[in-house]
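One structure is given below, encoded as structure tokens.
Only this structure's heavy atoms are used, side chains among them; waters, hydrogens and symmetry mates stay out. Position 1 is the first residue of the sequence, and the numbers go up from there.
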Amino acid sequence: MALTRDNWPSRTAVQASLAARFTLPPLPPPIQDWFAWCRRMGSQSLVLEAPSWREDGGGVLTGSGAVDAPGLLADMEGYRFILDRKASTPEHLVWSDAVDAGLWQPHWVVLQNADGDPLIGDISQPEVPVLWDWHGSGRWSPRPLFPNLQMLMARIQVHVPPSLPGDHVPVVFHTVHLTDLGNEPLRVLAVLKAHPDYRHLAGASLLKLKHQLPLPLLDDSVSVARKDDLVHRFEALGARVTVVERVCLRTEENS
């Protein structure tokens, strides 16, 4: 039976088919952090607003975000893995691999996308640099966006759409401070070095932060996932953080 709109394979079927045929290179540790982060994000609408990222196309993300390796394979449908619609049936999906044609690199994985424009992680590098490209140009030539995956997770925010006139939508803003470095301050400072606000510091300048507590980690952000990620990351090292939340009734006039 040929594929039709009525029997088109589900994401679960696509994932199972790809996982049965293809494998990925070894995944560096930041990809496991990405899986955990995507689980925490759930089905929330996300947005990425960053320089050099789709300035004219908007930053609202339309991908789901993989939570495991099979999901990472499935997220490359239409990028690396191309379904042969004529040769496929609902029971047997036939794929071509763009790597074989030299159109995709085996160490590229799709992390997210915005209207088909992919955010690509380079898993050949320990820090997983993040690239991006426009789709539909006929070839993939992704450009650098972030030097590591942690920075991408730090920059993605929960998308709060504009309210309709007269609507009052409660929005919670989160502020997080690092208040105590715990018993292993050097480990905590090493993690702090990856924070966008402190990555420019090194050596003595980084060590001076021990005497400048509390340190801001997140300032008035609507991202619950980012707040939870920071709390989990630093408390796992024995450090202490404080979280302050404020609720704002958002309307079209003050959005």
Side-chain angles (χ1 to χ4, degrees), residues 1-48 54 58-101 103-124 128 130-136 140 142 149 152-153 156-159 161 223-226 228-229 232:
M1 180 185 298
L3 292 179
T4 66
R5 181 181 299 178
D6 295 331
N7 63 17
W8 198 258
S10 65
R11 176 179 170 84
T12 301
V14 167
Q15 181 171 304
S17 176
L18 290 173
R21 177 176 172 186
F22 300 99
T23 57
L24 291 169
L27 299 175
I31 290 292
Q32 301 301 325
D33 294 337
W34 172 256
F35 291 158
W37 184 86
C38 289
R39 291 189 191 97
R40 292 194 296 274
M41 296 306 292
S43 60
Q44 296 183 95
S45 178
L46 306 176
V47 63
L48 172 62
R54 301 181 86 246
V60 178
L61 303 177
T62 48
S64 57
V67 299
D68 52 26
L72 206 58
L73 285 169
D75 280 351
M76 286 190 280
E77 179 190 4
Y79 300 102
R80 173 178 173 178
F81 305 116
I82 311 301
L83 182 64
D84 187 331
R85 302 184 182 189
K86 293 183 178 180
S88 296
T89 67
E91 297 77 24
H92 179 64
L93 303 182
V94 179
W95 303 95
S96 62
D97 187 347
V99 169
D100 296 337
L103 301 176
W104 190 268
Q105 297 299 318
H107 51 270
W108 290 348
V109 296
V110 174
L111 303 166
Q112 264 281 8
N113 80 83
D115 297 323
D117 301 327
L119 290 165
I120 298 171
D122 181 354
I123 60 173
S124 69
V128 189
V130 178
L131 321 169
W132 82 278
D133 203 356
W134 297 103
H135 79 290
W140 296 108
L149 184 53
L152 173 65
M153 290 185 281
I156 293 178
Q157 300 289 317
V158 174
H159 177 54
S223 174
V224 176
R226 180 60 180 149
D228 290 344
D229 181 71
H232 173 76

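Listed here is the closest heavy atom pair of W34 and L111: CZ2-O, 3.2 Å. Heavy-atom minimum distance, G71 versus A66: C-CB, 3.5 Å. Nearest heavy-atom pair, P118 versus G116, reported as atom, atom and distance to 0.1 Å: CD-O, 3.2 Å.
Here CD of Q157 is found 12.0 Å from OG of S45. Values are rounded to the nearest 0.5 Å. One finds the CH2 atom of W140 at 13.5 Å from the CD atom of Q105 (value rounded to the nearest 0.5 Å). Residue R40 holds its CZ atom at 10.0 Å from OG of S223, rounded to the nearest 0.5 Å. Atoms CD and CG, from Q32 and D68 in turn, are 9.5 Å apart once rounded to the nearest 0.5 Å. One distance of note links CG of L3 with CG of D84; it measures 9.5 Å at 0.5 Å rounding. The distance from atom OG of S17 to atom CG of L83, rounded to the nearest 0.5 Å, is 8.0 Å.
The shortest side-chain heavy-atom distance between L18 and P70 does not fall under the 4.5 Å cut-off. At a threshold of 4.5 Å between non-hydrogen side-chain atoms, the residues D228 and M41 do not count as touching. Here the side chains of L131 and W108 are in contact, with some heavy-atom distance below 4.5 Å. Residues V128 and D122 are not in side-chain contact: their nearest non-hydrogen atoms beyond the backbone lie 4.5 Å or more apart. The shortest distance between side-chain heavy atoms of R85 and W8 falls below 4.5 Å.
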Decide yes or no on side-chain contact (heavy atoms from CB on, under 4.5 Å) for F35 and I31, but give the supporting numbers first.
-> CA-CA 6 Å; F35 291 158; I31 290 292; 3.5 Å; yes

For the pair D33 and L149, evaluate side-chain contact (heavy atoms from CB on, under 4.5 Å) and give the outcome as yes or no after the intermediate values.
-> CA-CA 9 Å; D33 294 337; L149 184 53; over 6 Å; no

Stepwise side-chain contact (heavy atoms from CB on, under 4.5 Å) check, D115 with R54 | CA-CA 11 Å; D115 297 323; R54 301 181 86 246; 3.8 Å; yes

Start with the C-alpha distance between R21 and D97, add both sets of side-chain angles, then the distance that settles salt bridge (charged side-chain N to carboxylate O under 4.0 Å, His left out), and finish with yes or no.
-> CA-CA 11 Å; R21 177 176 172 186; D97 187 347; over 6 Å; no

Stepwise side-chain contact (heavy atoms from CB on, under 4.5 Å) check, V47 with V158 | CA-CA 6 Å; V47 63; V158 174; over 6 Å; no

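The backbone N or O of A2 sits less than 3.5 Å from a side-chain atom of N7, completing a donor-acceptor pair. Without hydrogens or angle criteria, S88 side chain to V94 main chain gives a donor-acceptor distance under 3.5 Å.
In summary, the aromatic rings of W104 and F81 are positioned with their centroids too far apart to meet the 6.0 Å limit.
A side-chain hydrogen bond (donor to acceptor under 3.5 Å, both in side chains) with D75 is found for one member of Q112, Q15, R11, R80 and no other, namely R11. Exactly one residue among I120, L61, T62 makes a side-chain contact (heavy atoms from CB on, under 4.5 Å) with N113. That residue is T62.
Relative ring orientation between W132 and W134 is described as perpendicular, the plane-to-plane angle rising above 60° on a 0-90° scale split at 30° and 60°.
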